[in-house]
J.: 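Sending over a structure as structure tokens; questions will come in a sec.
Values below: every heavy atom of this structure, side chains too, minus hydrogens, waters and symmetry copies. Remember, it's a predicted structure, so these values are computed and weren't measured experimentally. Position 1 is the first residue of the sequence; numbering continues from there.
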Amino acid sequence: MRLVCFFFVFFSMLAFCYGGDRFVYFDWQVSFIDVSPLGSNQKVIAINNQFPGPIVNITTNDNVVVNVQNNLDEPFLLTWNGIQQRRNCWQDGVLGTTCPIPSGWNWTYSFQVKDQIGSFFYSPSLGFQRAAGGFGGITLNNRIVIPVPFGKPDGDFTIFIGDWFTSNHTNLRNKLNNGHRLNMPHGVLINGKGPYRYNDTLVPDGIDHATFNVDPGKTYRIRVHNVGISTSLNFRIQNHNLLLVETEGTYTVQQNYTSLDIHVGQSYSFLVTMDQNASSDYYMVASARFVNKSSWARVTGVAILHYSNSKGKASGPLPDPPNDVYNPSFSMNQARSIRTNVSAGAARPNPQGSFHYGEIKVTQVYHLENKIPVKIDGKLRAAINGISYSPPKTPLRLADEFGVKGVYTLDFPDKPLTGPPRIGSSVINGSYRGFIEIILQNNATKVESYHLDGYSFWVAGMDFGVWTENSRSSYNKWDGVARSTTQVFPGAWTAIFVSLDNVGIWNLRTQNLDSWYLGQELYIRAINPDDTEHKTELPIPENVLFCGELSDKQKPQDHTAKSVSSILSPRSQLFALLILLAPVASLLLM
Ligand SMILES: *[C@@H]1O[C@H](CO)[C@@H](O)[C@H](O)[C@H]1NC(C)=O
Ligand SMILES: *[C@@H]1O[C@H](CO)[C@@H](O)[C@H](O)[C@H]1NC(C)=O
Ligand SMILES: *[C@@H]1O[C@H](CO)[C@@H](O)[C@H](O)[C@H]1NC(C)=O
Ligand SMILES: *[C@@H]1O[C@H](CO)[C@@H](O)[C@H](O)[C@H]1NC(C)=O
Ligand SMILES: *[C@@H]1O[C@H](CO)[C@@H](O)[C@H](O)[C@H]1NC(C)=O
Ligand SMILES: *[C@@H]1O[C@H](CO)[C@@H](O)[C@H](O)[C@H]1NC(C)=O
Ligand SMILES: *[C@@H]1O[C@H](CO)[C@@H](O)[C@H](O)[C@H]1NC(C)=O
Ligand SMILES: *[C@@H]1O[C@H](CO)[C@@H](O)[C@H](O)[C@H]1NC(C)=O
Ligand SMILES: *[C@@H]1O[C@H](CO)[C@@H](O)[C@H](O)[C@H]1NC(C)=O
Ligand SMILES: *[C@@H]1O[C@H](CO)[C@@H](O)[C@H](O)[C@H]1NC(C)=O
């Protein structure tokens, strides 16, 4: 009884110290496992032997602690796409803020998911590793007291779609290093599995597919993430409507779609009602967009929606994709139709529309343009405004903290540079608490998905052609969707607004893995110049890893240690517990 009481007091004190917000712990082993999703055996990155990795199912304001043990033979980092890491870019897991976790080492991420709800995913951020897996879902639930603009679904599925190569990520990386572009992917995976054998010619025998089991009449929330390399995918379920309800943390105006284009790195959640008569199973399809249908036919993901009263297997042709392969206007109009439900709240009870982003004074304007990758100094590179980013060995944020000079320059140009492109480590000088308008102009030939860490931004508009001052008249200044990943069609622009209220240094990148790997990214620095007492930003974490010019500060790590229990003997565990309990005990004795 006494002991139970001790524990109770101890944990409630912990909760008290952190303002009552819950702690959620994850212990992850990251390693290669052998799978053969498309028939040939390959190594993929698994988390706790799972591919895709486990779902982080958390609630607004939770404190999340994830201990990541890197058992790969190369450095590793995870980034939490769409999770804002408020005042805490230390935990962002990209090279500008964080040193890589060396092979055999572990590092513990610790962050609070403040004021957010929605569907997100985590993924590796280094060395093309996302092409080998290592991703998983983040389901960020609302607190019980916060209303949701739809009834509680009968079930919840997370679905990962993405193009996939049977060549492994080290080979793909070498290919890019040697100046080649990637060819057509070998297929599309759904939840780590290959396509259902809907056509004997296109799908070989012996491929395992994903199946989603449902009951007739029920309504499920499905969260779909494109975690692929570089292919825009059209997602659809045979005979079923997709009622779009949320994207990357914003509740949308609820609309039915028969199919939706999901670009690389984007997340959407839908409500799907099982309103068919189950004369057979139904196809769930993710097919490549804006490509020659016949030559890309095998680059199609097919899973099965199985009703518990189903009368047979799915058969016949797949449901048709939009029939507009060489004209992306339909897709752009569909993207424009996705709007915020301004009378719905999100993580807070007040409606999101009360934030009038369209009326805020813009303090900085940046035109960012990408072109087809070109050779710089003999290497194939992708650039923004003519600068191809090269990550310095010392993370930018650490360089700031320890006064290491000359690591980067704060001079990113606000317009495309004329003249030959170059390699550099140039950063946007963001004005903290400013309001920035960014016009993303895609001068290349494929859809690019741009993602900003640390924020969600308002998508104000997109159109074909070159952006001009007049383009502002077409902006949606009222119910544009707030998200963290937007598509920019080839030969077109997308304009976004960002309120730079989250202190830190934040990555803006293309999520198209090949262009990202080749340097199509930059950082925005938003530091409070008046923060002499270091109160705006959270302090540097105690377990921070050092590298680059700061590597002599790094203490060695015991490479054989895999978990606490293997380091600590039972006796020292008891000792550790006593140390933890000592303050409580002394309180009780007072
Ligand atoms: C990738 O394949 C090559 C052989 O083609 C092999 O040498 C390499 O070890 C593989 N890498 C991984 C991570 O499986
Ligand atoms: C996720 O968390 C929510 C809220 O705590 C809970 O209702 C739900 O059952 C959980 N889902 C899974 C799959 O564990
Ligand atoms: C590595 O994991 C151990 C627990 O297994 C933890 O005590 C330690 O702080 C972790 N190291 C870092 C750098 O986070
Ligand atoms: C918007 O949200 C409100 C508030 O939850 C809800 O009642 C309404 O049905 C939603 N409207 C649409 C079109 O999604
Ligand atoms: C299977 O796909 C091939 C190649 O696209 C096509 O020619 C054939 O008609 C398809 N078979 C069926 C039964 O649909
Ligand atoms: C969406 O489609 C379903 C049928 O699948 C229908 O019951 C529902 O009313 C539609 N909702 C809207 C908002 O159009
Ligand atoms: C219901 O199932 C039968 C076969 O069992 C099929 O012929 C019919 O078209 C189905 N009706 C609907 C509305 O799907
Ligand atoms: C699509 O690809 C097929 C097979 O490679 C080719 O025969 C056809 O001409 C192509 N169609 C277009 C419109 O490019
Ligand atoms: C960055 O911008 C601030 C104003 O927001 C200015 O004071 C500072 O000089 C700029 N730094 C550089 C290096 O341009
Ligand atoms: C790229 O820019 C050039 C020069 O302005 C222009 O001629 C070309 O049409 C543009 N291409 C695309 C795809 O935007």
Side-chain angles (χ1 to χ4, degrees), residues 79-80 82-98 111-116 249 347-348 352 354-368 384-385 387 389 392 394-415 424-440 450-460 482-484 486 495-509 521-541 544:
T79 188
W80 315 89
I83 299 297
Q84 287 175 10
Q85 311 287 10
R86 299 220 48 104
R87 304 161 57 220
N88 197 7
C89 73
W90 307 110
Q91 307 292 331
D92 196 26
V94 289
L95 283 181
T97 56
T98 321
F111 52 87
Q112 188 173 19
V113 285
K114 273 299 238 190
D115 270 343
Q116 281 194 277
R348 290 166 185 251
Q352 296 164 336
S354 61
F355 194 93
H356 297 286
Y357 69 91
E359 288 161 25
I360 298 173
K361 190 172 171 294
V362 170
T363 57
Q364 289 178 293
V365 182
Y366 275 80
H367 297 254
L368 303 179
I384 298 175
N385 284 4
I387 302 179
Y389 187 81
T394 315
L396 316 178
R397 185 64 197 88
L398 278 183
D400 272 7
E401 182 77 5
F402 292 92
V404 184
K405 300 272 180 255
V407 167
Y408 65 93
T409 53
L410 204 51
D411 59 355
F412 199 89
D414 63 4
K415 288 196 174 51
S425 311
S426 170
V427 171
I428 288 184
N429 185 11
S431 47
Y432 176 63
R433 296 239 154 117
F435 197 70
I436 182 170
E437 177 185 15
I438 301 178
I439 296 123
L440 301 158
Y450 278 95
H451 174 85
L452 178 59
D453 286 352
Y455 298 94
S456 66
F457 49 72
W458 289 273
V459 181
R483 62 186 313 160
S484 57
T486 187
I496 62 172
F497 287 123
V498 195
S499 176
L500 288 184
D501 58 358
N502 191 13
V503 69
I505 297 187
W506 301 105
N507 188 229
L508 174 66
R509 62 175 171 273
E521 63 172 326
L522 55 80
Y523 284 83
I524 301 180
R525 183 177 183 272
I527 297 295
N528 181 0
D530 302 327
D531 189 20
T532 44
E533 286 169 30
H534 294 281
K535 284 196 174 140
T536 316
E537 194 172 13
L538 293 184
I540 189 167
V544 67

J.: Taking the six-membered ring for Trp, are Tyr357 and Trp458 parallel (under 30°), tilted (30 to 60°) or perpendicular (over 60°)?
T.: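 Parallel: the ring planes of Tyr357 and Trp458 meet at under 30°.
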
J.: Got a second to check how far Leu368's CG is from Tyr450's OH, nearest 0.5 Å?
T.: 7.0 Å

J.: Which of parallel (below 30°), tilted (30 to 60°) and perpendicular (above 60°) describes Trp506 and Tyr455?
T.: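 Trp506 vs Tyr455 ring planes: perpendicular.
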
J.: If you apply the rule side chain to side chain contact (heavy atoms under 4.5 Å, CB included), what do you find for Val365 with Asp414, and how did you get there?
T.: CA-CA 7 Å; Val365 182; Asp414 63 4; over 6 Å; no

J.: How far apart are the closest heavy atoms of Glu437 and Val362, and which atoms are they?
T.: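 Closest approach of Glu437 to Val362, heavy atoms only: CB-CG1, 3.9 Å.
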
J.: Which value, rounded to the nearest 0.5 Å, describes the distance between Ile438 atom CD1 and Ile436 atom CD1?
T.: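 Output value for this atom pair is 4.5 Å.
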
J.: Going through the distances and angles, do Asp400 and Arg525 end up as a salt bridge (charged side-chain N to carboxylate O under 4.0 Å, His left out)?
T.: CA-CA 11 Å; Asp400 272 7; Arg525 183 177 183 272; 2.9 Å; yes

J.: Does any non-hydrogen side-chain atom of Phe435 lie less than 4.5 Å from one of Lys361?
T.: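 When only atoms from C-beta onward are counted, Phe435 and Lys361 do not touch, as no gap falls below 4.5 Å.
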
J.: So which atom in Tyr408 and which in Ser425 form the shortest heavy-atom distance, rounded to 0.1 Å?
T.: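 It is CB-O, 3.2 Å.
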
J.: So among Ile540, Ile505, Thr98, Val404, which one has a side-chain contact (heavy atoms from CB on, under 4.5 Å) with Leu398?
T.: Ile540

J.: How far apart are the closest heavy atoms of Leu538 and Trp90, and which atoms are they?
T.: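 The answer is O-NE1, 2.9 Å.
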
J.: Rounded to the nearest 0.5 Å, what's the gap from CZ on Arg509 to CG on Leu452? Could you check?
T.: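 Nearest 0.5 Å value for the CZ-CG distance: 9.0 Å.
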
J.: With rounding to the nearest 0.5 Å, note down the distance linking CG in Asn429 to CD1 in Ile527.
T.: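 Between Asn429 CG and Ile527 CD1, I get 10.5 Å after rounding to 0.5 Å.
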
J.: Between Asn507 and Glu521, does any side-chain donor sit less than 3.5 Å from a side-chain acceptor?
T.: yes

J.: For the residue pair Gly434 and Thr363, what are the closest heavy atoms and their distance?
T.: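 Shortest heavy-atom separation between Gly434 and Thr363 comes out as CA-OG1, 3.4 Å.
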
J.: Evaluate Trp80 against Phe111 for side chain to side chain contact (heavy atoms under 4.5 Å, CB included), listing each step before the verdict.
T.: CA-CA 11 Å; Trp80 315 89; Phe111 52 87; 3.7 Å; yes

J.: Quick one: does Leu396's side chain get under 4.5 Å of Tyr523's, heavy atoms only?
T.: yes

J.: Less than 4.5 Å apart, side chain to side chain, heavy atoms only: is that true for Arg348 and Asp115?
T.: yes

J.: Apply salt bridge (charged side-chain N to carboxylate O under 4.0 Å, His left out) to Arg86 and Asp501, showing your working.
T.: CA-CA 9 Å; Arg86 299 220 48 104; Asp501 58 358; 3.4 Å; yes

J.: Just by distance, do the side chain of Ser456 and the backbone of Ser484 share a donor-acceptor pair under 3.5 Å?
T.: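 No, the answer is negative, given that no donor and acceptor are paired below the 3.5 Å cut-off.
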
J.: In this structure, which one of Asp530, Asn502, Asn528 forms a side chain to side chain donor-acceptor pair (under 3.5 Å) with Thr536?
T.: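 When Asp530, Asn502, Asn528 are each tested with Thr536, the side chain to side chain donor-acceptor pair (under 3.5 Å) holds only for Asn528.
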
J.: Start with the C-alpha distance between Ile496 and Thr486, add both sets of side-chain angles, then the distance that settles side chain to side chain contact (heavy atoms under 4.5 Å, CB included), and finish with yes or no.
T.: CA-CA 9 Å; Ile496 62 172; Thr486 187; 4.1 Å; yes

J.: For the atom pair OG (Ser426) and CD1 (Ile384), what is the distance rounded to the nearest 0.5 Å?
T.: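 Reported value, rounded in 0.5 Å steps: 10.5 Å.
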
J.: Run the numbers on Glu401 and Glu537 for side chain to side chain contact (heavy atoms under 4.5 Å, CB included), then give the verdict.
T.: CA-CA 11 Å; Glu401 182 77 5; Glu537 194 172 13; 5.7 Å; no

J.: Rounded to the nearest 0.5 Å, how far apart are CG of Leu500 and CD of Gln364?
T.: 6.5 Å

J.: Where the side chain of Gln116 meets the backbone of Gly82, is there a donor-acceptor pair that is under 3.5 Å apart?
T.: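 Looks like yes, one N/O pair under 3.5 Å.
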
J.: Within the side chain of Asn385, is there an N or O that forms a donor-acceptor pair under 3.5 Å with the backbone of Pro413?
T.: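 Confirmed, Asn385 side chain pairs with Pro413 backbone.
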
